[in-house]
2 protein chains.
Amino acid sequence: MKWDTLDEEPCSLSRTVAVVGDRWTLLILRECFLRVRRFEGFQSSLQITRHLLSERLKKLVRFGILRRVPYSEAPKRYEYILTQKGLDLYPIIMAMVHWGDTHMGDERGRPLLHEHKNCGKLFDPVMVCSECGEPLHAKQVHVHAGPGRKEAVG
Amino acid sequence: MKWDTLDEEPCSLSRTVAVVGDRWTLLILRECFLRVRRFEGFQSSLQITRHLLSERLKKLVRFGILRRVPYSEAPKRYEYILTQKGLDLYPIIMAMVHWGDTHMGDERGRPLLHEHKNCGKLFDPVMVCSECGEPLHAKQVHVHAGPGRKEAVG
DNA sequence: GTTTGACAGTTCTATTTTAGAACTATAGCC
DNA sequence: GGCTATAGTTCTAAAATAGAACTGTCAAAC
């Protein structure tokens with residue numbers, strides 16, 4: 001597989017996988033959503049090798065998920081802030097957390113609880129249809145080839 | 001990182017990443033949701049090496065995402081069917097597809113369109129709060145340590 | 001004014017994973 | 001017997017990751 005052009009495949013899943021489809025990247029993003037911003041912060045909480053962390057942060061910046069922002073001029077120091085494109089990954093992360101809560105739990109109970117500030121309650125994320133608002137299930141969805149697929153296939 | 005025990009970390013994201021946190025696994029799951037079930041089917045549509053495909057299918061069966069079901073007795077042939085645990089991965093896949101549609105699109109338009117059979121319309125998936133039904137955004141969520149975290153940390 | 005420590009990386013070698021291709025095994029069909 | 005289909009396994013080469021040490025800048029402590 002040519003992983004270097006995966007982000008140009010005529011498949012939105014492939015394109016997303018090209019960006020966030022590896023273990024370290026997903027764990028780094030978890031830390032981002034937990035408000036970690038600095039190299040040493042990621043490194044110490046994840047125990048990732050510095051080499052790979054450096055590599056992954058560069059990639060996330062290159063794809064516009066993180067912005068490298070200086071927070072000190074001398075010495076030059078940067079922190080990594082989620083862009084809007086990065087913040088929009090939240091449903092993916094939350095969907096993964098929720099699946100883990102549901103299917104990979106143990107007797108100790110949930111590791112984290114999530115409170116929705118708007119309503120003040122502890123919640124679970126639910127995926128619904130943008131048109132009718134009903135919860136979505138795989139078997140209720142029919143897939144059609146869109147223009148981007150038809151053009152690519154010929 | 002000890003990837004072999006990632007599924008026991010006191011973090012639901014880590015546990016999910018342990019199961020679906022690599023590129024091939026995510027692409028295999030895409031095919032599953034597109035109704036692919038057989039070894040040759042996965043292999044030819046993904047161009048994955050047979051070795052890795054075999055490896056990943058075993059892992060997905062081991063984690064209870066797929067069930068290996070015989071469809072021919074002589075010679076013994078099996079197909080791989082999503083379990084309920086596997087079907088529950090749908091929000092993750094759809095969240096990724098939607099992010100790709102939104103942020104990784106090109107001038108050719110969307111590769112796939114999704115129709116919700118219940119309401120008959122083309123839709124996008126939206127993640128909402130289980131309690132108030134409002135769409136969720138990262139900045140509106142406050143995270144608390146749950147019992148599983150507290151016990152693990154001490 | 002030299003040492004220590006914090007931070008943000010880079011460089012190096014050893015190990016593990018993945019790619020790519022060939023091979024094995026069972027059975028139906030001609 | 002020879003050909004094809006399916007579902008794998010085995011092998012070697014290439015690529016990615018782990019783990020540790022090293023670099024460079026500056027502030028603060030001694």
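Throughout, protein chains are lettered first and strands after them, A, B, ... in sequence-line order, and every chain is numbered starting at 1.
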Item to check | Phosphate OP1/OP2 of D:dA16 contacted by A:Trp24 side-chain N/O (<4.0 Å) | outcome: no
Next on the checklist: Counting the atoms with a prime plus P, OP1 and OP2 as sugar-phosphate, which does A:Tyr80 contact under 4.0 Å by heavy atoms, base, sugar-phosphate, or nothing?
Outcome noted: sugar-phosphate
Next on the checklist: With a 4.0 Å limit, can you tell me whether B:Trp3 has a side-chain N or O closer than that to the phosphate oxygens OP1/OP2 of D:dA18?
Outcome noted: yes
Checklist entry - How about B:Lys117: does its NZ atom have over 12 heavy atoms from other parts shown lying under 6.0 Å from it? => result yes
Checklist entry - Where does the angle between the aromatic ring planes of A:His144 and A:His142 fall among parallel (under 30°), tilted (30 to 60°) and perpendicular (over 60°)? => result perpendicular
Checklist outcome for this item: So the contacted stretch of DNA chain C, first to last nucleotide with an atom under 4.0 Å from a non-hydrogen atom of chain A, runs from C:dA6 to C:dG20
Checklist entry - Is there a donor in the side chain of A:Tyr80 and an acceptor in the side chain of A:Arg68, or the other way round, less than 3.5 Å apart? => result yes
Next on the checklist: Suppose the criterion is side chain to side chain donor-acceptor pair (under 3.5 Å): which pairs have a residue in residues 122-135 of chain B, not counting sequence neighbours?
Outcome noted: B:Arg110-B:Asp124
Checklist entry - When we call it a touch if two heavy atoms are under 4.0 Å apart, what does A:Tyr71 touch: a base, just sugar-phosphate, or nothing? => result sugar-phosphate
Checklist entry - Between D:dA14 atom C1' and B:Leu52 atom CG, what is the distance in whole Å? => result 13 Å
Checklist entry - What's the CZ-C1' distance between B:Arg50 and D:dT9, to the nearest Å? => result 10 Å
Next on the checklist: Classify A:Arg23 by what it touches in the nucleic acid, base, sugar-phosphate, or nothing, heavy-atom distance under 4.0 Å.
Outcome noted: nothing
Item to check | Atom pair distance, as rounded to whole Å: CG in A:Leu6 and C1' in D:dA16 | outcome: 16 Å
